[in-house]
Structure formats: structure tokens, C-alpha cells
Amino acid sequence: MNYKSLALYCGSSEGNNPNFIELAKEFGRRCAQRNLTLYYGGACIGLMGAAEKEMRAQGGRVVGIAPKFFAEGAVLDPTLDKMILVDSMSERKQLMEKYADGFVIFPGSYGTLDEFFEMMTDAQLGLHNKPVVILNADGYYDPLLDQLKRCREYGFLRSFHYDLFVVAKDLDELFDKLDNYVNTNSRSWLDKIKK
């Protein structure tokens, strides 16, 4: 797959596993080496901040997209190449979906899961055909993946929709899956729901 940009969805906290911070930094380095533009939530803290700071230290281009209410605190990085301020979290997700060529899910919580599920719902509905890759570092997302398999087993999630996202255990596998992503959505299913 040919892609020039990625959106990173991850925690604005560091969490308590130091491996996640190192992975975020290494992700930033690799994005810079590939000359990718990184779209993310604009924060200078947590996994977000670790990835963007390392990417910029390597000469990479980073664009933050954040709601205006964050601009009043110390959360946003004022030194980014570009900061896009929007009115709501929903608008932030819409712009990240519009601008990025693919989506990478690092460890996080409510916000990260919200972003993941919105990207997956839109992929299911054929609103985009871009890759969504979960970095399941240290098995962090095992329970989520088990739940999604359960959704499939109970008939709430078709197999070709389950396969719209891919899972990587490390960064080598993550970029390999991005490079080789194939959208599995069903044209006949999409035609049926749009009639």
C-alpha cells in the first residue's frame, strides 16, 4: 500500500509500562525515516508526546488536531509544524480520518478506544478503505481482541468486517502490515446497505 501519512491514536498518559514509551519513540523515529506526516491529537504529554517529540527530533513533520478547549491549558505542544484547532472531539476524529492514509492504535483508554471504534465503524460502512493497525504490545489489547472475536462468534460482526483491522505485536510487523494492507470489505454488502 502506498501511504504518505498516518494518524496515531494513543494515550495522553504514559501508563505504567515503560516499554510503551520506548515503542512510541521508536514509532516516531520510523515515521520520520519513512518521510511520513504524522497526524495526532496535539498533546505534548504521554505516549502522544513521546512519539511526536522523537519524530520531530529526527526531522519529521507532525500535525496536531485538537479541540479548542485544550488550547487553554498546558496539554498542547505550541511548537508543532502545524496545529489545527477544532470545536469538538468529533470534528477532530473526522479531520484525522480525512487527512491520514492509515491509522495506528497504540495503548490508551477511553479516547483511544473511541477513535478506534469510529475508524472501524466508518471502514465497515465503506466511508474509508484505509488500514487500521492495532499495536498489541505486551498483549495490552488481548481482552479487546477477545471481545471482538466474541462479537463475530455471536453473529454481530461479519468475518470480512472483523478482518478490516490488523494486529501487530511489534513495530516491524506493524509497518509490514501497513505496507501490505488489503481492505476486506464486501462490495455486495456495501451496495446492499446503500440502497
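The aromatic rings of Phe116 and Phe165 sit perpendicular to each other, their planes meeting at more than 60°, with 30° as the lower class boundary. Relative ring orientation between Tyr140 and Phe20 is described as perpendicular, the plane-to-plane angle rising above 60° on a 0-90° scale split at 30° and 60°.
Of the possible polar contacts, none joining the Asp122 side chain to the Leu127 backbone as a donor-acceptor pair under 3.5 Å is found. With hydrogens and angles ignored, the 3.5 Å screen pairs a side-chain donor or acceptor of Arg92 with a backbone N or O of Ile65. Within the 3.5 Å criterion, the main-chain N or O of Ala50 finds no donor-acceptor partner in the side chain of Glu54. Distance alone, capped at 3.5 Å, is enough to place a donor-acceptor pair between the Tyr181 side chain and the Leu164 backbone. Judged purely by atom type and a 3.5 angstrom limit, Tyr141 uses its side chain to pair as donor or acceptor with the backbone of Phe106.
Of the charged side-chain nitrogens involved, none lies within less than 4.0 Å of a carboxylate oxygen, so that Lys130 and Asp101 do not count as a salt-bridged pair. Ion pairing between a basic and an acidic side chain is recognised when a charged N comes within 4.0 Å of a carboxylate O; Asp179 and Arg34 show such pairing. Ion pair Glu153/Arg150 not flagged as a salt bridge, since none of the NZ, NE, NH1 or NH2 atoms sits closer than 4.0 Å to an Asp/Glu carboxylate oxygen. Under the 4.0 Å criterion applied to side-chain N and carboxylate O atoms, Lys93 and Glu118 are assigned as salt-bridge partners. By the 4.0 Å N-to-carboxylate-O rule, Asp77 lies close enough to Arg56 to be salt-bridged with it.
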> Yes or no on side chain to side chain contact (heavy atoms under 4.5 Å, CB included) for Leu8 and Leu38, after CA distance, side-chain angles and deciding distance?
Replying inline: CA-CA 7 Å; Leu8 175 63; Leu38 180 66; 3.8 Å; yes
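For the atom pair SG of Cys10 and CD of Glu52, the computed distance is 10.0 Å after rounding to the nearest 0.5 Å. To the nearest 0.5 Å, atom CD of residue Glu115 and atom CG of residue Leu113 are 9.0 Å apart.
Aromatic pair His161/Phe156: centroids not less than 6.0 angstrom apart.
Atom CG of Asn35 has 12 or fewer neighbouring heavy atoms from other residues, nucleotides or ligands inside a 6.0 Å radius.
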